[in-house]
Amino acid sequence: MEKLKHGQAVDIPKYDFKSYKNNVFPARRVNPSDVIILEGILIFHDLRVRELMNMKIFVDTDADVRLARRIRRDTVEKGRDIGMVLDQYSKFVKPAFDDFILPTKKYADIIIPRGGDNHVAIDLIVQHIRTKLGQHDLCKIYPNLYVIQSTFQIRGMHTLIRDAQTTKHDFVFYADRLIRLVVEHGLGHLPFTEKQVITPTESVYSGVDFCKRLCGVSVIRSGESMENALRACCKGIKIGKILIHREGDNGQQLIYEKLPKDISDRHVLLLDPVLGTGNSAVQAISLLIQKGVPESNIIFLNLISAPQGVHVVCKSFPRIKIVTSEIDVGLNEDFRVIPGMGEFGDRYFGTDDDDQQLVAPPL
């Protein structure tokens, strides 16, 4: 299973039920695929196997149906006597099922009654698999990575903000639209409580109440471009600041932080429009955890992400959530995202490298 998940073909021994040996027939070659189905009565027994699975299904079938199928299979396909089949079933198969197989039912994500006759359950599973196959490859690896569904509007806005000839006014306008979409999507991953209200027609509406304990943290300077969208969505929200200085190509140094005193009691939306190497993000997330914020309470929002940065952040912090609008090809030799959109802060705030050197105060 590990080899298949890493794209390697494997040879599976073919067991001979008549001779009870697995070296009678040649091994069966199984090639890697987008969907791998592992079937067997004891597959949930071993923790190592369970951890390799993305979906665990237990097919729950009536005992009489199981016995009838076993008699038909063993007499026709395996050439066994019916008396031998019944004797084996009562002495070994049924007791072993009750002791070792039925208890593993608790590990299943989905329990399907009636097996293949349950078309509704099968359709739901098929739809789930199709949804997963339609996701970016990284989303299949990291369940805590969320890429908002692409539309022609979103692709059009990305085309404009990535175009080097786009004016500052248009860049800000369309970047703000994309940022608002990412913020709204990120807010959808916050916990909620059910709430009923009375409508103007004196009817009862069953809805939800927004998460109250919330704050934003922007990574200076580009992250500040996302603050207005967050304030527009969350009235009166507290926003903290983190400044991380780049040293060389990969080194990062925390320079400044100003965070709400009660941040450990809040869900945190971390704001940075570009996830590149992931080093700045790791620094920022590490600081939040040091301040007492649970890893699972952090949602990292950005517009574009490089695969290298996604790997670094998701492997370092598997319980945080990353919400982005697109995943780019990668990084160039200068550790810049490609195709990317250039220096986001410079384009958004209308500055260039020379201007920054002129106005930046000494540290």
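- Ring pair H189/Y146 is tilted by interplanar angle, where 30° to 60° counts as tilted.
- N144 places a side-chain N or O within 3.5 Å of a backbone atom of I320 that can act as its donor or acceptor partner.
- Judged by distance alone, the side chain of R66 and the main-chain N or O of T61 form a donor-acceptor pair under 3.5 Å.
- With a 6.0 Å radius and a threshold of 12 heavy atoms from other residues, nucleotides or ligands, R73 has its CZ atom above the threshold.
- A donor-acceptor pair is defined here as one N or O able to donate and one able to accept, closer than 3.5 Å; no such pair exists between the side chain of S316 and the backbone of V313.
- Panel note: side chain D74, backbone K78; no donor-acceptor pair is recorded below 3.5 Å.
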Full working for ring-ring contact (aromatic ring centres under 6.0 Å, His included) between Y174 and H158: CA-CA 8 Å; Y174 291 106; H158 267 282; over 10 Å; no
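- Donor-acceptor pairing under 3.5 Å is recorded for the side chains of Y348 and D176.
- For K291 and E257, the salt-bridge test passes: some basic side-chain N is under 4.0 Å from an acidic carboxylate O.
- In terms of heavy-atom proximity, S222 sits nearest to D272 at CB-OD1, 4.2 Å.
- Here the rule is side chain to side chain contact (heavy atoms under 4.5 Å, CB included) with C215, and of I263, L269, D265 only I263 fits it.
- Residue A108 comes nearest to F58 through the heavy atom pair CB-CB, 3.7 Å, listed as atom of the first residue, atom of the second, then distance.
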Step by step, would you call E343 with R221 a salt bridge (Lys or Arg N to Asp or Glu O under 4.0 Å)? CA-CA 11 Å; E343 288 291 342; R221 168 179 69 135; over 6 Å; no
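- Taking a 6.0 Å sphere around CD of Q153, one finds it holds 12 or fewer heavy atoms contributed by other residues, nucleotides or ligands.
- Few gaps surround OH on Y15; more than 12 heavy atoms of other groups in view lie less than 6.0 Å from it.
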Given R114 and D62, is the salt bridge (Lys or Arg N to Asp or Glu O under 4.0 Å) satisfied, shown in steps? CA-CA 7 Å; R114 305 188 310 281; D62 185 80; over 6 Å; no
Could you give me the CA-CA distance, side-chain angles and deciding distance for I112 and D60, then say whether side chain to side chain contact (heavy atoms under 4.5 Å, CB included) is met? CA-CA 6 Å; I112 302 180; D60 199 3; over 6 Å; no
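- Judged purely by atom type and a 3.5 angstrom limit, D81 uses its side chain to pair as donor or acceptor with the backbone of G83.
- When all heavy atoms of S325 and V182 are compared, the pair lying nearest together is CB-CG2, 3.9 Å.
- Side chains of E224 and S218: a donor-acceptor N/O pair is absent below 3.5 angstrom, by distance only.
- Across all non-hydrogen atoms, the minimal contact from K56 to Y107 is CE-O, 2.9 Å.
- Within 6.0 Å of the CD1 atom in I37, the count of heavy atoms belonging to other residues, nucleotides or ligands does not exceed 12.
- The CG atom of L301 lies 7.5 Å from the CG atom of L187; values are rounded to the nearest 0.5 Å.
- Formation of a donor-acceptor pair under 3.5 Å by the D209 side chain with backbone atoms of T193 is not found in this model.
- To the nearest 0.5 Å, atom NZ of residue K321 and atom OG of residue S296 are 7.0 Å apart.
- Expressed to the nearest 0.5 Å, how far CD1 of I148 lies from OG1 of T324 amounts to 7.5 Å.
- Of the N and O atoms on the side chains of R336 and T277, not one donor lies less than 3.5 Å from an acceptor on the other residue.
- Within 6.0 Å of NZ in K261 there are 12 or fewer heavy atoms belonging to other residues, nucleotides or ligands.
- For E2, the CD atom sits in a loose shell: 12 or fewer heavy atoms of surrounding residues, nucleotides or ligands are nearer than 6.0 Å.
- Residue N279 holds its CG atom at 11.0 Å from CD of Q308, rounded to the nearest 0.5 Å.
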Hey, mind stepping through F349 and F344 against ring-ring contact (aromatic ring centres under 6.0 Å, His included) and telling me if it holds? CA-CA 8 Å; F349 295 109; F344 187 90; 8.0 Å; no
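- When atom types are taken as modelled, the side chain of T199 and the backbone of S203 share a donor-acceptor pair closer than 3.5 angstrom.
- Annotation: cation-pi geometry not satisfied between R50 and F44 (NZ/CZ under 6.0 angstrom from ring centroid, within 45° of ring axis).
- R29 CZ: more than 12 foreign heavy atoms inside a 6.0 Å radius.
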